[in-house]
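Data block below; observations after.
What's counted below: heavy atoms across the whole structure, side chains too, no hydrogens, waters or symmetry copies.
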Amino acid sequence: MPRKPFVPGAALVVAAALTAGLAACTGGSGSDGDEGDAKSGGTSTSSQAAEPGRYQTLPEACGLPGRATVRGMLPGDGQHLSSTEAKKIYGGQPDLTYDTDRRVGCHWTRESTAGTRHLSLDIQRVVSYDAAVSDDDKAQGIYDSKEQDAEIPPGGGSSSPATPSPSATPGKGTGKGTETGGAGKGAGTTANSSTEEKGAQGEKGAQGKAPSGSPSASSDPSADVSAEPSADVSDSTAPRVLGDLGDAAFLNDKLVTADSGVHRDVTVVFRTSNVIVTLTYDQWSTDKTMLPDSQELQDKARSMAGELSERLSE
C-alpha cells in the first residue's frame, strides 16, 4: 500500500502554528491597549489633583504692619515716649504658636485718657490634605464659616442701615435688621439696643460718635449730628462684606456694654490664596456715656488690612 504524502500534515502543523501566533499577537495587542488606557486614566487623574496654595510659609506677624500704621492706631495723650517705651508699645507682643509656618499672631495695647485700645493680628496658613481639594478651596471654606458665624449679610450689606438710620424709633429693626444686632451684640445688655442705632449704623454711627469721648444716646441729638458734619451718609459702618480686599473679606462691628464699661470691637477678616488674616481692633472705656467712634476704628482697621494684603502679596 503506497505511503501517504507527509506534506499535508506538515501544512496543518504550520497552519496551526500561524493561528496560535496570530492569536498571541492579538492578545498582546489587546493587553497593550488596556495598559495604555490605564496609564491615560492615571495621568488624567493625577492632572486633576488640586494645586497647592501660594503660601508655603508665613511672615513674622509683629513686623508685618508698618510702625507708622501701628502708631496711628494706638494714639496716646500727647506724652513723650522714650525709645524703650515706644519699642514696647509699638513693637507688639508675639502670640505663642506651635508651628510658625502654619499660624502666627501679634497683639498691641496702649492706654490713654480716652480709653484703652487693643490691636491683634492672627495669620493662618491653610493646608488641604485632600488631593481633590486645593489649599485655596480649603481656606475659602474656613473663611465662609467665619463669615457665617459673624452673621454678615451677603452682598455687601452697606445699604441695609440706610433705611432704618433716619428713623430712631424702630429699636428692634435697628438691632436685628442691621448686622449689629445679630452679630454685634452677643455680649451686650439691654442698654445696647438704645445705642446700637448710633454705634453700628452708617449715618448715625458716623455722625453721632465722631470724637472718642462723645456723649451716648442719652445726650442731645443735635450735639451728636454736629460732632461730625462732614460724615458721608452713604458710608455705612454696619457689618458688611468687603469687595476690595484680598480674595474675600468682611468687616464686623460690635458695641458691647458691661459692668466695667463699654467697648467697641471692629474685626476685619480676609483671605488671600491659602492664608486667612484676622485683624481685631477695639477701644474700651470705663465711662459708658462716652462711646468709642465706629467710623474712626473701622477706617483705621481697613487701612491696616489693606496694607497687610499688599505686604503679603509682595
- Can you check side-chain contact (heavy atoms from CB on, under 4.5 Å) on Val275 and Leu58, steps first, answer last? CA-CA 9 Å; Val275 164; Leu58 292 174; 3.9 Å; yes
Quick check against the 3.5 Å criterion: does [X] have a side-chain atom that pairs as donor or acceptor with the backbone of [Y]?
{"X": "Asp135", "Y": "Ser128", "answer": "yes"}
{"X": "Arg102", "Y": "Arg125", "answer": "yes"}
{"X": "Ser313", "Y": "Ser309", "answer": "yes"}
{"X": "Lys288", "Y": "Ala258", "answer": "yes"}
{"X": "Arg103", "Y": "Gln124", "answer": "no"}

- Please report the C-alpha distance between Arg271 and Gln140 in whole Å, then the side-chain angles of each, then the deciding distance to 0.1 Å, and finally whether the side-chain hydrogen bond (donor to acceptor under 3.5 Å, both in side chains) criterion is met. CA-CA 7 Å; Arg271 178 186 73 83; Gln140 182 63 38; 2.7 Å; yes
Grab the two heavy atoms, one from [X] and one from [Y], that are nearest each other, plus how far apart they are.
{"X": "Val268", "Y": "Leu245", "result": "CG1-CD2, 3.7 Å"}
{"X": "Ser273", "Y": "Asp247", "result": "N-OD2, 2.7 Å"}
{"X": "Ser294", "Y": "Thr237", "result": "OG-CB, 3.5 Å"}
{"X": "Val104", "Y": "Thr97", "result": "CA-CG2, 4.2 Å"}
{"X": "Val241", "Y": "Pro153", "result": "CG2-O, 3.7 Å"}
{"X": "Asn274", "Y": "Asp136", "result": "N-OD1, 3.4 Å"}

Do [X] and [Y] touch side chain to side chain, with heavy atoms closer than 4.5 Å?
{"X": "Thr278", "Y": "Thr267", "value": "yes"}
{"X": "Gln79", "Y": "Glu85", "value": "no"}
{"X": "Tyr281", "Y": "Asp265", "value": "no"}

- Query: Would you say Val277 and Val127 are hydrophobically clustered, going by side-chain heavy atoms of ILVMFWY under 4.5 Å?
  - Reply: no
- Task: Examine Trp284 and Val256 and state if one hydrophobic cluster contains both, with Ile, Leu, Val, Met, Phe, Trp and Tyr joined whenever side-chain heavy atoms are less than 4.5 Å apart.
- Result: no
Distance from [X] atom [atom1] to [Y] atom [atom2], nearest 0.5 Å?
{"X": "Leu291", "Y": "Thr257", "atom1": "CG", "atom2": "OG1", "answer": "9.5 Å"}
{"X": "Asp122", "Y": "Leu279", "atom1": "CG", "atom2": "CG", "answer": "10.0 Å"}
{"X": "Lys300", "Y": "Asp293", "atom1": "NZ", "atom2": "CG", "answer": "9.5 Å"}

- Do Asp144 and Gln148 meet the criterion of a side-chain donor-acceptor pair at a distance under 3.5 Å? no
- So, Asp287 and Ser285: side-chain donor and acceptor under 3.5 Å apart, yes or no? no
- Task: Show the numbers, then the answer: is there a side-chain contact (heavy atoms from CB on, under 4.5 Å) between Val126 and Tyr55?
- Result: CA-CA 9 Å; Val126 179; Tyr55 301 95; over 6 Å; no
- Please report the C-alpha distance between Lys146 and Ile276 in whole Å, then the side-chain angles of each, then the deciding distance to 0.1 Å, and finally whether the side-chain contact (heavy atoms from CB on, under 4.5 Å) criterion is met. CA-CA 10 Å; Lys146 290 178 178 290; Ile276 299 176; 4.2 Å; yes
- Item | Step-by-step side-chain contact (heavy atoms from CB on, under 4.5 Å) determination, Arg264 to Asp282 | CA-CA 5 Å; Arg264 181 180 294 280; Asp282 62 68; over 6 Å; no
Taking distance alone, no hydrogens or angles, what donor-acceptor pairs closer than 3.5 Å link side-chain atoms of residues 62-76 to residues at least two apart or in another chain?
from: Thr69; atom 1: OG1; to: Glu307; atom 2: OE1; distance (Å): 2.5

- Task: Carefully, step by step, assess Arg302 and Asp244 under the rule salt bridge (charged side-chain N to carboxylate O under 4.0 Å, His left out).
- Result: CA-CA 10 Å; Arg302 288 195 62 180; Asp244 56 352; 3.0 Å; yes
- Query: Just wondering, more than 12 heavy atoms not from Glu51 lying within 6.0 Å of its CD?
  - Reply: no
- Trace of the salt bridge (charged side-chain N to carboxylate O under 4.0 Å, His left out) decision for Arg117 with Glu296: CA-CA 12 Å; Arg117 297 206 183 195; Glu296 180 205 357; 3.1 Å; yes
- Do the two ring centres, one from Tyr143 and one from Phe250, sit under 6.0 Å apart? yes
- Which residue pairs satisfy the side-chain hydrogen bond (donor to acceptor under 3.5 Å, both in side chains) criterion with at least one member in residues 106-116, sequence neighbours excluded? Asp77-Thr113, Tyr90-Arg110, Asp95-His107, Thr109-His118
